[in-house]
Protein chains: 2
Amino acid sequence: MMATKLYGHPLLVPTRRVALCLEEKGLQYEFVLVDLSTGQQKKEPFISINPFGQVPALEDGELKLFESRAITQYIAHAYPDMGEPLVPKDPYKMAIVSVWTEVGSQRFEVVAYKLIYELVIKPKLGKVTNHGVVDQHQEKLAPVLDIYETRLSISKYLGGDEFSLADLHHIPIVYDLLGTEIKALFDARPKVSAWCDDILARPSWQKVVQAMQI
Amino acid sequence: MMATKLYGHPLLVPTRRVALCLEEKGLQYEFVLVDLSTGQQKKEPFISINPFGQVPALEDGELKLFESRAITQYIAHAYPDMGEPLVPKDPYKMAIVSVWTEVGSQRFEVVAYKLIYELVIKPKLGKVTNHGVVDQHQEKLAPVLDIYETRLSISKYLGGDEFSLADLHHIPIVYDLLGTEIKALFDARPKVSAWCDDILARPSWQKVVQAMQI
């Protein structure tokens with residue numbers, strides 16, 4: 001069998017998310033750095049894997065996948081008995097994980113990405129942070145975190161009592177945001193804050209941080 | 001067993017999407033109209049089902065779900081042997097469906113929603129369409145449809161040779177867009193155009209159009 005290859009860039013949340021999922025399953029993989037500064041992701045051979053020209057992508061044998069959430073879904077379903085289950089087999093429990101995975105994607109991440117771009121990516125690229133955009137998205141993130149606080153008061157993790165993809169998808173985002181002024185929003189909510197400590201302490205994430213020198 | 005209840009509004013794509021999925025599975029359900037004009041979705045008892053205060057939501061016995069894509073995932077996984085499968089059991093085939101479901105969500109829908117808001121929703125609410133926004137998003141949609149054209153040249157449906165959730169999620173969006181000037185973008189691409197004809201002709205969608213008087 002051919003080796004599993006992850007194509008991506010360590011600076012970006014979606015790449016780290018897939019690496020994290022592979023680590024949770026204890027899967028061996030080769031990391032292939034895609035040079036975004038020269039637009040390698042928009043050229044062959046990468047564009048043949050992802051016609052949208054964005055990282056990450058995964059090659060697992062003959063299977064070629066893109067879109068980070070689709071890749072983690074695949075890993076969770078293709079390797080159910082390795083490492084952490086990540087997706088429950090019971091359709092009722094799976095449904096709750098799906099709800100909170102979608103919440104993460106549609107409510108949390110859309111706002112968080114704007115904050116990460118302004119407060120983490122721009123400074124690294126030598127660009128100037130737009131504090132108006134930061135304030136605006138900080139205001140949008142607060143009510144989402146209020147709902148997370150309520151949710152995490154009734155279940156240990158977002159998708160239920162077990163760690164799942166719903167939590168995993170948040171880890172690289174939370175990691176970035178806690179290194180910025182946005183940390184105050186998390187600190188002000190005890191359940192959210194404890195959940196952040198818990199998920200960031202996972203050995204899988206420690207390995208990603210070390211391997212990718214984040 | 002308690003009846004399945006779909007809470008939503010017929011004007012909105014996500015509500016229609018869930019109704020369509022229930023029809024594909026041949027499931028009986030009660031449609032509960034949520035009066036958005038009085039902000040019913042932001043109040044009890046609805047807010048206890050979806051803390052984000054948005055339709056649709058689904059009650060299936062004791063299970064309460066929200067986020068349309070999570071609901072269709074649940075229906076597909078909970079009723080695998082009824083009606084159309086919608087999600088393949090084989091993890092390799094399922095992975096391809098996941099990729100194109102994510103593409104629909106992250107690349108197509110984000111742009112399409114802006115067009116639907118300007119060209120379908122605003123006129124219904126007596127508001128004025130912003131043609132600058134339309135032009136801008138038309139330009140964004142074109143390259144996405146080019147990628148769809150290539151994809152649909154090598155497989156009959158987005159997620160493979162069988163109709164799946166990846167296609168289903170597009171139906172209410174395509175239906176709305178084909179009633180606007182954006183139709184020209186679809187007509188210019190023969191594979192995309194044939195795919196639209198095919199998926200819109202499904203009896204499940206005809207039932208939704210009739211039942212919801214769209």
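Just so we're on the same page: letters track the sequence lines, and every chain starts at 1.
No more than 12 heavy-atom neighbours from other residues, nucleotides or ligands sit within 6.0 angstrom of CD on A/Gln28. Within 6.0 Å of atom NZ in B/Lys183, 12 or fewer heavy atoms from other residues, nucleotides or ligands are found, so the atom counts as exposed in its surroundings.
Considering only heavy atoms from C-beta on, B/Val144 comes within 4.5 Å of A/Phe52 through its side chain.
Here B/Arg107 is the residue among B/Met94, B/Gln106, B/Arg107 with the most heavy-atom pairs under 4.5 Å with chain A. Between chain A and the residues B/Lys64, B/Arg69, B/His77, B/Gln73, the largest count of heavy-atom pairs under 4.5 Å involves B/Arg69.
With a 4.5 angstrom heavy-atom cutoff, A/Val110 does not touch chain B via any of its atoms. With a threshold of 4.5 angstrom between heavy atoms, B/Thr150 does not approach chain A through any atom at all. With a 4.5 Å cut-off on non-hydrogen atoms, B/Val103 touches chain A through its backbone and its side chain both. Heavy atoms closer than 4.5 Å to chain B are found nowhere in A/Ser68, neither backbone nor side chain. In this structure, no portion of B/Glu109 lies under 4.5 Å from any heavy atom of chain A. Heavy atoms closer than 4.5 Å to chain B are found in both the backbone and the side chain of A/Leu65.
Shortest non-hydrogen contact noted between B/Ala142 and B/Arg189 is O-NH2, 3.5 Å. The nearest pair of heavy atoms linking A/Trp195 to A/Lys156 is CD1-O, 4.1 Å.
For the atom pair CD (A/Glu24) and OG1 (A/Thr72), the distance works out to 11.5 Å, reported to the nearest 0.5 Å.
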